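None of these values were measured; they are calculated from a predicted model. As a basis for the values below, the full set of heavy atoms in this structure was taken, side chains included, without hydrogen atoms, waters or symmetry mates.
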Amino acid sequence: MTVFVLLACLGGVLVGLSRQLNGRLSISTTPVVASFWNHAIGFAVLTCLGLFAGGLLPAGAAEAPWYAYLGGSIGVIFVAAGSWVIARIGAVNSALLIIGGQMVTGVAFDYISAVPASFWANAAGIVLIVGGIMISRRRKAGGSQ
């Protein structure tokens, strides 16, 4: 279990590093160029890993429904938007915005899917995330950073 926790932590660090690099590249060029290089390098690295480890094209990939491949298009939009946002509000605030959006969307999906969950636990999580964002924004506006 420890290995998986460490892998998750490493994944979080790498995602944060990627967002920082994309934000910096976005400032120097444009969010679209930053998104292009993010995806080009990711494609090259993952293709090499897939060729090395095997299973680049898993069995049944051709039979997948068309909407299974929308993730790539959504990812391009997400990375370009993230590069644009980081340059304007900073990495910490954009991370809070992403986490808050994921939390609210997850709760909404659970509600729509009628998944049994504690309303109060979900509400408390959303309130804490929104409160953290508000406190962060207030400190920045007050200049006490």
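The hydrophobic clustering, which links ILVMFWY residues whose side-chain heavy atoms are closer than 4.5 Å, places V76 and W37 apart.
Grouped with L17 in one hydrophobic cluster are L21, the linkage being side-chain heavy-atom contacts under 4.5 Å among Ile, Leu, Val, Met, Phe, Trp and Tyr residues. Other residues sharing a hydrophobic cluster with V79 under the 4.5 Å side-chain heavy-atom criterion for ILVMFWY residues do not exist; the residue is a singleton.
Residues passing the side chain to side chain donor-acceptor pair (under 3.5 Å) test with T29: none are found, sequence neighbours excluded.
Between the S18 side chain and the L14 main chain, no donor and acceptor come within less than 3.5 Å of each other. Looking only at distances, no side-chain donor or acceptor of S35 sits under 3.5 Å from a matching main-chain atom of P31.
In the displayed structure, F4 atom CZ is contacted under 6.0 Å by at most 12 heavy atoms of other residues, nucleotides or ligands.
Taken to the nearest 0.5 Å, the CG atom of L46 stands 10.5 Å off from the NE2 atom of H39. With values rounded to the nearest 0.5 angstrom, Y69 atom OH is found 14.5 Å from I74 atom CD1. With rounding to the nearest 0.5 angstrom, the CG atom of N38 is 14.0 Å from the CZ atom of F43.
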